Amino acid sequence: MDQTDWRWRYLLLACDCLIAFGCFYCVDIPSALQTELQSSHTNCTDVPKNETCCEECLGIGPDHYNQLYAVFSWTNAVIVLPIGVLLDRIGNRITSIVSTLMAAFGAALFALSVTSWFRMTAAMFPMMIVSRGILGAANGGCQLVQDRVIAYWFPDKLGLAFGAIVSVIRCGNVLNFFITSNIAKDHGVPFALWTGVMMCGVGFLAAVGYCILDTIGCRKMDKNHVFNVKSPPLKCSDIRKFPLSYWLVAVMISTYYSCFIPYVANGSKFIQDKYGYSRVKSSYINGAVYDVSIVVCLSTGLFLDRFGGRAISATVGGALCVPVIISLSFFELPPLLLTICFGAFYSVTVVSLWPSIAKVVPLATVGTANGIAAFLQGLNVGLTNLGMGKILGAVEESDMNNRLTKWKIALTVLLCQASICTILGIWLNVSEKMKKGSLNGRYKKLVTITTTNEKSPLIESKEDFYESIDSGYSIQT
């Protein structure tokens, strides 16, 4: 790849990183405003100091609060399968525009639900549910676009590209935890939610920039290369041929996210209840899981590109989360230290797992393979969130000892998910060792080929190029 192509590729990556920025800012807005959403106190007069109280609390309760996350995850799970298949046929550009517009609409509907027109009415919670569903669908589309872009433009630097994407979208999470609770405190909950709509606008502008750069970049590639590759229609037999390593990676993604995301969703209130911190300070501490991700994701990606070992690092990252969850549940260690550790191990695990999919399935099916993995993830995360809501109850437990007991039970569910992920990781490493798989290896020197539309895949070697043809590509001269 010449210097001109290099510049286009990395400018395109910058836009790709920002496509889902607004989505991830809005994903955990409920967590930053957990007290305001689920607590029922509306008059702070004569309320004891150890009781949660706020003037703008909406009183939806822990069960309904967790349903907001469950609906987000389930909608994400349902939408990613058709989007994954569709992406392999129609490409990224239109999908990126539609997905970012949907994200802005979903965020706007959530903000509208707490305005004076709908606040504390029968329509408020249904509007919240619908808006979270729309945001979940949009998030699924944005993530699949991002994954597919790096699979085609950065197969030689998957770790770097994926690490950059995770770092940028985690900046959205971090920014949310830093400013949302303060904005709500100073200007009210509705204003804090409308800020999320503006962040989704950043994603839309990035999608427009990506479409322009992708078009220009593909034209430049077509001028400089001879071969073009075109993906044939996907068949069910292609999915049945996915190797065992893919299914192990997909289920590991599902179980790991099901211990991490439900914790982040409820972490602010848990820290507030267990350690007695204020709402704002609890939000800062809970957001620390993403603070460390900004640095660790990128450095992990660079390390894996250079030295390999994706299956090993994913297993180690999942295993190290087990003692963290145990410490959160049963010990009195500083919560900031534990959340930083949780964030670091999360970063290592996800940067190892997601790019692994592009290494074990044919390039023509990357969108579908990512869609199936995201479906399993969303389904399991939603069930876990729903289960936590049922454990914590429809209304907050008034007795703090009983409330902390419920928290321990809920965190035990997350512990089981992390343990399953670790066991599957060991299985994956044994399988890779026996079959001499590629997940723990490094990338070889690459040669470049291009596509007839907007894809520009890179194949590891001449032999791999002809093997990719056998896996489902057709050549056009």
Side-chain angles (χ1 to χ4, degrees), residues 20-38 57-80 83 98-115 118-144 169 172-173 176-177 180 184 189-190 192-201 203 257-258 260-269 286 374-375 377-390 392 394:
F21 178 85
C23 285
F24 278 84
Y25 180 92
C26 294
V27 163
D28 286 316
I29 275 184
S31 181
L33 301 174
Q34 187 173 4
T35 299
E36 286 85 347
L37 289 173
Q38 75 177 37
C57 286
L58 302 172
I60 66 174
D63 190 13
H64 279 175
Y65 169 80
N66 276 277
Q67 287 179 30
L68 296 177
Y69 274 90
V71 168
F72 173 89
S73 297
W74 285 338
T75 310
N76 192 308
V78 170
I79 202 69
V80 290
I83 287 182
V98 172
S99 296
T100 51
L101 285 175
M102 284 179 59
F105 177 71
L109 187 61
F110 196 90
L112 191 63
S113 69
V114 301
T115 58
F118 301 103
R119 175 186 169 87
M120 305 302 290
T121 66
M124 182 186 73
F125 185 67
M127 288 178 66
M128 289 180 173
I129 288 290
V130 172
S131 67
R132 292 290 288 181
I134 295 172
L135 186 64
N139 187 68
C142 289
Q143 284 190 277
L144 287 182
I169 62 178
N173 293 114
N176 163 58
F177 280 109
T180 299
V189 172
L193 295 177
W194 285 112
T195 303
V197 181
M198 290 187 286
M199 297 298 176
C200 289
Y257 274 85
S258 295
F260 182 79
I261 293 179
Y263 172 75
V264 175
N266 291 274
S268 296
K269 195 68 174 67
N286 191 39
F375 170 79
Q377 171 199 323
L379 180 66
N380 198 14
V381 170
L383 288 172
T384 305
N385 268 122
L386 192 65
M388 289 190 70
K390 297 301 180 184
L392 296 174

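What you see is a predicted model, and the numbers here were worked out from it, not measured in a lab.
- Checked against Pro262 for a side-chain contact (heavy atoms from CB on, under 4.5 Å), the options Asn66, Asn385, Leu383 give a single hit: Asn385.
- Not a single donor-acceptor pair under 3.5 Å links the side chain of Tyr65 to the backbone N or O of Thr35.
- Proximity of Phe24 to Asn139: side-chain heavy atoms (C-beta onward) are separated by under 4.5 Å at one or more points.
- Taking CD1 of Ile129 as the reference point, atom CD1 of Ile60 lies at 8.0 Å (rounded to 0.5 Å).
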Under the side-chain contact (heavy atoms from CB on, under 4.5 Å) rule, what do Ile79 and Phe375 come out as? Steps first, then yes or no, please.
-> CA-CA 8 Å; Ile79 202 69; Phe375 170 79; over 6 Å; no
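- At a threshold of 4.5 Å between non-hydrogen side-chain atoms, the residues Phe177 and Ser31 count as touching.
- Other residues, nucleotides and ligands contribute at most 12 non-hydrogen atoms within 6.0 Å of the CZ atom of Phe105.
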Take Leu68 and Met128, measure what side-chain contact (heavy atoms from CB on, under 4.5 Å) needs, and give me the verdict at the end.
-> CA-CA 7 Å; Leu68 296 177; Met128 289 180 173; 3.7 Å; yes
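- Using modelled atom types, no side-chain atom of Asn76 and backbone atom of Ala374 make a donor-acceptor pair closer than 3.5 Å.
- To the nearest 0.5 Å, atom CG of residue Leu109 and atom CG of residue Leu193 are 11.0 Å apart.
- With a 4.5 Å cut-off on side-chain heavy atoms, Phe125 and Gln67 count as touching.
- Between Trp194 and Thr115, some side-chain heavy-atom pair lies under the 4.5 Å cut-off.
- Taking CH2 from Trp74 and CG from Asn380, the interatomic distance works out to 11.0 Å, rounded to the nearest 0.5 Å.
- Inter-residue side-chain proximity for Tyr263 and Met388 is flagged as unmet; no heavy-atom pair is nearer than 4.5 Å.
- Gln34 places a side-chain N or O within donor-acceptor distance of the main-chain N or O of Lys269, the cut-off being under 3.5 Å.
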Report the C-alpha separation of Leu379 and Ser73 in whole Å, then their side-chain angles, then the decisive distance to 0.1 Å, and conclude whether the side-chain contact (heavy atoms from CB on, under 4.5 Å) test is met.
-> CA-CA 7 Å; Leu379 180 66; Ser73 297; over 6 Å; no
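- Residues Thr180 and Tyr25 bring a donor and an acceptor atom of their side chains to less than 3.5 Å of each other.
- Between Ser131 and Gly106, the shortest heavy-atom contact is CB-O, 3.2 Å.
- Ser113 approaches Met124 most closely through the heavy-atom pair O-CG, 3.3 Å.
- A donor-acceptor pair is defined here as one N or O able to donate and one able to accept, closer than 3.5 Å; no such pair exists between the side chain of Arg132 and the backbone of Ala107.
- Between the side chains of Asn173 and Asp28, at least one donor N or O sits under 3.5 Å from an acceptor N or O.
- What you find for Ser99 and Ala138 is that their closest heavy atoms are O-CB, 3.2 Å.
- With a 4.5 Å cut-off on side-chain heavy atoms, Phe72 and Pro30 do not count as touching.
- Proximity of Asn266 to Leu392: side-chain heavy atoms (C-beta onward) are separated by under 4.5 Å at one or more points.
- Of all non-hydrogen atoms in Ser258 and Val381, the two that sit nearest each other are OG-N, 3.2 Å.
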Derivation of the side-chain contact (heavy atoms from CB on, under 4.5 Å) call for Cys200 and Cys26 | CA-CA 8 Å; Cys200 289; Cys26 294; 3.7 Å; yes
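- Of the inter-residue distances, the one linking Asp63 atom CG with Lys390 atom NZ reads 4.0 Å to the nearest 0.5 angstrom.
- Considering all non-hydrogen atoms of both residues, Val114 and Arg119 come closest at O-CB, 3.8 Å.
- Across all non-hydrogen atoms, the minimal contact from Ala137 to Met102 is CB-CE, 3.6 Å.
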